[in-house]
Amino acid sequence: MGAAAKILDIPTAEVFEPLLYPARYKGAHGGRGSGKSHFFAEMLIEDHIRHPSMRSVCIREVQKSLKESAKRLLEDKIQKLGVTMLFDAQADRIITPGNGVIIFQGMQDHTAESIKSLEGFRRAWVEEAQTLSARSLELLRPTLREEDSELWFSWNPRTKNDPVDRMFRAGDEPQGAVCVESNWNNNPWFPSVLERERQDCKAKDPDRYTHIWEGDYVTVVDGAYFASHLNDARRDGRITRLHKDPLQSIRLFWDIGGTGAKADACSIWVAQFVGQDVKVIDYYEAQGQPLEAHLAWLRGNGYGPDKASCWLPHDGATHDRVYAVSYESALRSSGYDVTVVPNQGRGAAMQRVEAVRRLFPRCWIDSEKCDAGLSALGWYHEKKDEARGIGLGPDHDWSSHGADAFGLMAIVYKEPTGKIKRDIKFTGWGG
Ligand SMILES: Nc1ncnc2c1ncn2[C@@H]1O[C@H](COP(=O)(O)OP(=O)(O)O)[C@@H](O)[C@H]1O
Ligand SMILES: [Mg+2]
């Protein structure tokens, strides 16, 4: 045996086993303390020993300083694994066997030009990947183009709509993607200090516990307008499977996205007003699809013009108005009865929020068909000016279309008066 021969012994948590084989995209998501960072750090060092002269980049969406990077963790691992003679930790990088390198960067510092500097890199490890923007992901993926290059992602999921979740967990992951979920109970080295933190969190902050420690999507967002209303509805069993009532009319409440990048974003809530209750039986949203796609969905699900009527918002901005008018006429010519709800003017968004809050105790919502809409309602939140600590009104993000359409329903809803109108059709007197 040669003097340099040495076996690197890296005990690894079983949960990460699927990630040990070559794959284009590797993901590990889960709650705090599950060993994600330690696992990828060890695998990166192992890969640099296996493949001399390889170059890698450790990435975050935002990296204000190296302290935020995985550099320190990697250095500790190099020590622990007893391979310090193979690596040279410098101020801003780690030199690896065969004059390879590991560097540390923030995606927000990159442009479409500068990202090209990473083209020869074989590994990119994105930490806290839940914050990775769609732009960053689009820049990064084609940049790593070496044969056998791999992109790694570790994250604690926030919402289904985060780009990394869409990529790995929406059911249409790219070829060569392998993903595992890991939580504290999968970590054989879960330290006792973290166990105490976990217990405290479970006892004192149960609303956030499942996100922080069990890796579930966020259900409670700071400043979320409808958080407590959704919680109440869940607790009361009003978020459950519902059936369409064949005798009741079907009401479709629309929000049509504006211009630019959000063009053609469309959300529709499908509801039936049954006595005192609002039964929300379905939800639809689409990005960048033509009106015909929305109509096809409606018809395919039994909400065609023979059964359903539409409510559209009357939007303020001129270009949106043109947009809305074209929807209105297109829906009418498809046979729908259309009501355009006048704009409530200044403060319209907050009026809708208040109307939703008033309506919510009457709402029953289908837990499966409305899943995406429920996420939007749970996420819709106030934008904060962090420096001045003041609220800036609703944050206009992916959730605002769904929330606005729901708000339209709440504005339109009229409390039943207790009287009903009976239209009796007849054909001539007597007979
Ligand atoms: N492979 C490992 N070897 C030794 N300790 C580990 C290992 N993996 C995890 N740990 C321990 O578990 C803790 C949490 O792991 P970490 O990778 O930071 O979790 P996560 O990134 O999922 O939050 C670490 O601080 C460390 O104490
Ligand atoms: Mg981590």
Side-chain angles (χ1 to χ4, degrees), residues 7-21 25-50 56-84 87 94 102 104-107 123-132 136 150-158 162-165 168-169 178-202 205 208-218:
I7 289 167
L8 199 57
D9 179 20
I10 310 182
T12 299
E14 205 177 345
V15 67
F16 297 117
E17 202 259 352
L19 304 181
L20 290 171
Y21 314 99
Y25 298 108
K26 295 178 177 176
H29 61 88
R32 185 177 291 167
S34 68
K36 302 182 294 293
S37 300
H38 278 244
F39 168 72
F40 280 119
E42 286 173 346
M43 193 163 62
L44 191 60
I45 289 159
E46 179 188 338
D47 276 6
H48 274 275
I49 296 172
R50 254 185 229 280
S56 297
V57 57
C58 297
I59 287 180
R60 302 173 64 98
E61 178 67 11
V62 178
Q63 180 184 293
K64 294 208 182 87
S65 80
L66 281 170
K67 283 200 207 87
E68 293 166 0
S69 76
K71 182 162 183 278
R72 178 63 185 274
L73 176 61
L74 288 166
E75 289 168 7
D76 290 348
K77 284 288 170 195
I78 289 166
Q79 286 265 343
K80 278 253 170 64
L81 295 171
V83 290
T84 46
F87 292 84
I94 297 173
I102 303 173
F104 305 88
Q105 299 191 333
M107 275 310 286
R123 300 285 180 273
W125 169 25
V126 186
E127 266 268 71
E128 305 297 340
Q130 71 276 4
T131 62
L132 198 67
S136 299
E150 298 186 2
L151 291 98
W152 303 348
F153 301 85
S154 44
W155 79 103
N156 188 348
R158 291 186 312 194
D162 283 325
V164 72
D165 282 89
F168 278 101
R169 303 178 69 198
V178 184
C179 186
V180 303
E181 173 170 6
S182 175
N183 282 306
W184 61 276
N185 47 346
N186 301 114
N187 176 2
W189 299 276
F190 189 61
S192 55
V193 278
L194 286 187
E195 174 58 12
R196 287 192 293 274
E197 291 290 332
R198 189 183 75 80
Q199 298 275 1
D200 275 351
C201 178
K202 196 170 187 174
D205 200 359
R208 281 166 217 277
Y209 172 79
T210 57
H211 164 62
I212 299 174
W213 291 96
E214 305 287 349
D216 289 353
Y217 290 118
V218 171

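Keep in mind that the numbers below use all heavy atoms, side chains included, and drop hydrogens, waters and symmetry copies. Remember, it's 1-based here, ligands and their atoms both numbered in the order they're listed.
Looking at atom 27 (O) of ligand 1, its nearest protein heavy atom turns out to be P191 CG, 3.6 Å. What sits closest to atom 23 (O) of ligand 1 on the protein, heavy atoms only, is G33 N, 2.8 Å. Atom 12 (O) of ligand 1 has as its closest protein heavy atom N187 ND2, 2.9 Å. Of the protein's non-hydrogen atoms, the one nearest atom 19 (O) of ligand 1 is G35 N, 2.9 Å. Looking at atom 10 (N) of ligand 1, its nearest protein heavy atom turns out to be W189 CB, 3.6 Å.
For ligand 1, none of its N or O atoms has an N or O atom of F39 under 3.5 Å away.
Under a 4.0 Å heavy-atom criterion, K77 is in contact with ligand 1.
Listed by chain and number, S37 OG are the protein N/O/S atoms closer than 2.8 Å to the Mg ion (ligand 2), with waters left out.
When each of T210, N156, D165 is checked for a side chain to side chain donor-acceptor pair (under 3.5 Å) with Y217, only D165 meets the rule.
Among R32, E42, H29, H38, the residue whose heavy atom lies closest to atom 18 (O) of ligand 1 is H38.
In this structure, H211 contributes its side chain and P157 its backbone to a donor-acceptor pair below 3.5 Å. When atom types are taken as modelled, the side chain of T12 and the backbone of I10 share a donor-acceptor pair closer than 3.5 angstrom. Q63 contributes a side-chain N or O that, together with a main-chain N or O of F104, makes up a donor-acceptor pair within less than 3.5 Å.
Between F168 and Y25, the two ring planes are perpendicular [angle over 60°; tilted spans 30° to 60°]. The aromatic rings of F190 and W213 stand perpendicular to each other, their planes meeting at an angle above 60°, with 30° marking the opposite boundary.
Taking every non-hydrogen atom of S37 and a distance limit under 4.0 Å, the qualifying atoms of ligand 1 come out as 17 (O), 21 (O).
Checked for salt-bridge contact, D200 and R196 miss the test: no charged N lies under 4.0 Å from a carboxylate O.
Between the side chains of Q79 and E75, no donor-acceptor pair is found at a separation under 3.5 Å. Neither side chain, Q199 nor E197, offers a donor N or O lying under 3.5 Å from an acceptor on the other.
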